[in-house]
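The structure appears below as structure tokens.
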Amino acid sequence: MLALLLMFAFSFLGYLIGNRLALRLSDKRRYFEELISLIERLNGDFRFRQSSVCELINKQKFKSELLNRNLSEFCAFAQGETATLNLCSSNLNESERKCVFEMFSALGRYDLDTQLIILQDFKDKIEGFYQKAVVQENKMSGAYRKIGALCGLMIGILTV
Amino acid sequence: MLDKILPEKIKTIISARLDYRRLYEIRLRAFMPVVINYDGKYYYLSEVGLCDETNIAVLLNSEEISEVLVRACEYSLYSVNNQLVNGFITVTGGVRVGVCGEIVRNGNEIKTIKNFTSVNIRIPHEVKGSALTAYSFVNDTALRSSLIVSPPGAGKTTVLRDLCRYISRDGIKNILLVDERNEIAAVTASRNQLDVGTSVDVISGCTKDYAFSYGIRSMRPDVIITDELTCEQDYLAVEECVAAGVKVIASAHASSPEELLLRAGFSKAFKMHVFERFVFLSSRRGPGTYENVYDGDMNCIYFAP
């Protein structure tokens with residue numbers, strides 16, 4: 001009975017680890033999804049509201065913790081609280097990190113028309129990342145959970 | 001605010017070696033020495049502070065110049081484009097950032113300025129008491145329409161701001177402050193950043209003729225205070241206000257009555273006796289040095305010592 005319980009516990013633990021990895025994929029997908037939505041909103045706000053970027057950004061709250069964090073990091077930089085733009089980019093690969101950094105660096109540096117064109121370019125790139133993240137999530141999140149549970153079970157069997 | 005917009009190397013030198021309160025102007029030009037107006041005199045800025053030699057002066061590249069401007073508008077260049085096409089933006093605290101660069105046109109219309117080559121940062125000063133002499137002439141027996149005249153950088157705006165405070169303090173009068181460049185009161189988030197007194201209505205960011213007619217209709221002012229009359233249209237707007245019974249106190253660029261008479265629109269206003277007092281300032285002994293004061297017929301009523 002104890003052996004069965006131990007095997008179940010290890011299997012469950014493995015599932016939790018797999019689930020955590022799967023959630024990272026969901027976070028990434030959500031990050032890009034909400035980043036695209038932010039760009040769309042900024043496109044309209046830049047055109048019609050003409051407030052400062054920070055004022056526009058501060059009013060937005062997202063589910064993605066990473067995006068909220070990036071927005072506060074950008075505002076701190078734009079308001080002169082930090083000397084350089086430091087963006088937390090855990091969970092992103094090199095090309096994604098570079099694109100996001102360049103997008104934030106380009107915010108508010110141009111006249112309206114140029115700014116809108118630049119934002120559209122970044123939106124196109126980010127949509128590409130989003131598509132990849134969706135495919136990755138669909139393909140891998142179930143697999144991570146199964147692999148986690150199976151590995152847990154194996155460790156459990158070996159331990160018993 | 002200066003802390004937030006200046007490049008790190010300039011900020012470090014100024015903080016370590018200079019006194020912000022004595023700083024009037026910072027002129028940044030791409031690949032040229034940084035020039036500082038300190039106590040009314042121009043110097044180059046070097047690692048060791050102020051100097052007269054260009055070979056040790058600090059240089060900035062064009063990217064650093066752009067960065068100053070982008071920081072000044074809090075990374076929202078698109079939102080200040082309307083100001084930018086007039087050649088300057090006013091940032092929090094009334095700091096005026098003038099720019100030079102490549103003008104982008106769409107037909108006859110100026111669309112924007114890009115590839116910035118020069119930035120001129122002018123720092124406003126609140127010198128309480130600086131308008132005492134002017135006030136004694138502007139308000140001797142009654143409040144008089146007056147023109148504060150000086151070359152650029154001699155303290156006109158500072159004196160106007162202080163004059164506004166004096167008039168406001170001396171009994172309740174409705175003062176309409178037409179702050180076209182937003183540097184007299186420096187309104188940010190509906191709040192005056194600089195002290196202009198208590199009974200003052202501030203209208204900023206619009207042309208004088210619009211502000212005058214709109215202001216008279218909507219606010220019924222006793223006196224209008226405004227900065228820098230530059231063209232015929234401005235003098236015409238003043239004439240209409242004076243004709244409507246509203247006193248106008250304004251400023252203009254010139255260093256002598258002869259120069260003033262050469263200014264577009266002024267000679268007509270002079271013939272019509274629109275102004276009753278002309279107060280001349282200079283930087284002879286630092287910004288805000290009083291020169292002669294004239295009455296409406298250009299008779300000198302105060303000789304500078």
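Residue numbers start from 1 in every chain, and the chains themselves are labelled A, B, ... in the order their sequence lines are given, proteins ahead of strands. The structure presented is a predicted model; accordingly, all values stated were derived computationally and were not measured.
- The shortest distance between side-chain heavy atoms of A:R109 and B:V70 falls below 4.5 Å.
- Of the atoms belonging to A:F46, heavy atoms from both backbone and side chain fall under 4.5 Å from chain B.
- Enclosure of atom CD in B:E102 by more than 12 non-hydrogen atoms of other residues, nucleotides or ligands within 6.0 angstrom is indicated.
- Nearest approach of B:E8 to A:A83, heavy atoms of both residues: OE1-CB, 4.3 Å.
- Counting heavy atoms of neighbouring residues, nucleotides and ligands inside a 6.0 Å radius, atom OH of B:Y43 exceeds 12 of them.
- For B:E47, the CD atom is loosely surrounded, since the number of other residues' heavy atoms within 6.0 Å does not exceed 12.
- Taken from CD1 in A:I57 to OG in B:S76, the straight-line distance is 8.5 Å, to the nearest 0.5 Å.
- Counted within 6.0 Å of NZ on A:K132, heavy atoms from surrounding residues, nucleotides or ligands total 12 or fewer; the atom is thus considered open.
- With a threshold of 4.5 angstrom between heavy atoms, B:K114 does not approach chain A through any atom at all.
- Summarising the geometry, atom OH belonging to B:Y75 is positioned 10.0 Å from atom SG belonging to A:C54; distances are rounded to the nearest 0.5 Å.
- More than 12 heavy atoms of other residues, nucleotides or ligands sit less than 6.0 Å from atom CZ of A:R97.
- Between atom OG1 of residue B:T112 and atom CD of residue A:Q115 there is a gap of 11.5 Å, rounded to the nearest 0.5 Å.
- Contact of A:T82 with chain B is made through the backbone alone, with heavy-atom distances under 4.5 Å.
- Atom CZ of A:R69 sits in a sparse spot, with 12 or fewer heavy atoms from other residues, nucleotides or ligands closer than 6.0 Å.
- Without hydrogens or angle criteria, B:Y78 side chain to A:S51 main chain gives a donor-acceptor distance under 3.5 Å.
- When each of A:L56, A:L112, A:V53, A:D113 is scored by its heavy-atom pairs under 4.5 Å with chain B, the top score falls to A:V53.
- Under a cut-off of 6.0 angstrom, the local environment of CD in A:E40 is crowded, with over 12 non-hydrogen atoms contributed by other residues, nucleotides or ligands.
- Residue-environment remark: CZ (A:R41) exceeds the threshold of 12 foreign heavy atoms within 6.0 Å.
- Taking CZ of A:F77 as the reference point, atom CD of B:E74 lies at 12.0 Å (rounded to 0.5 Å).
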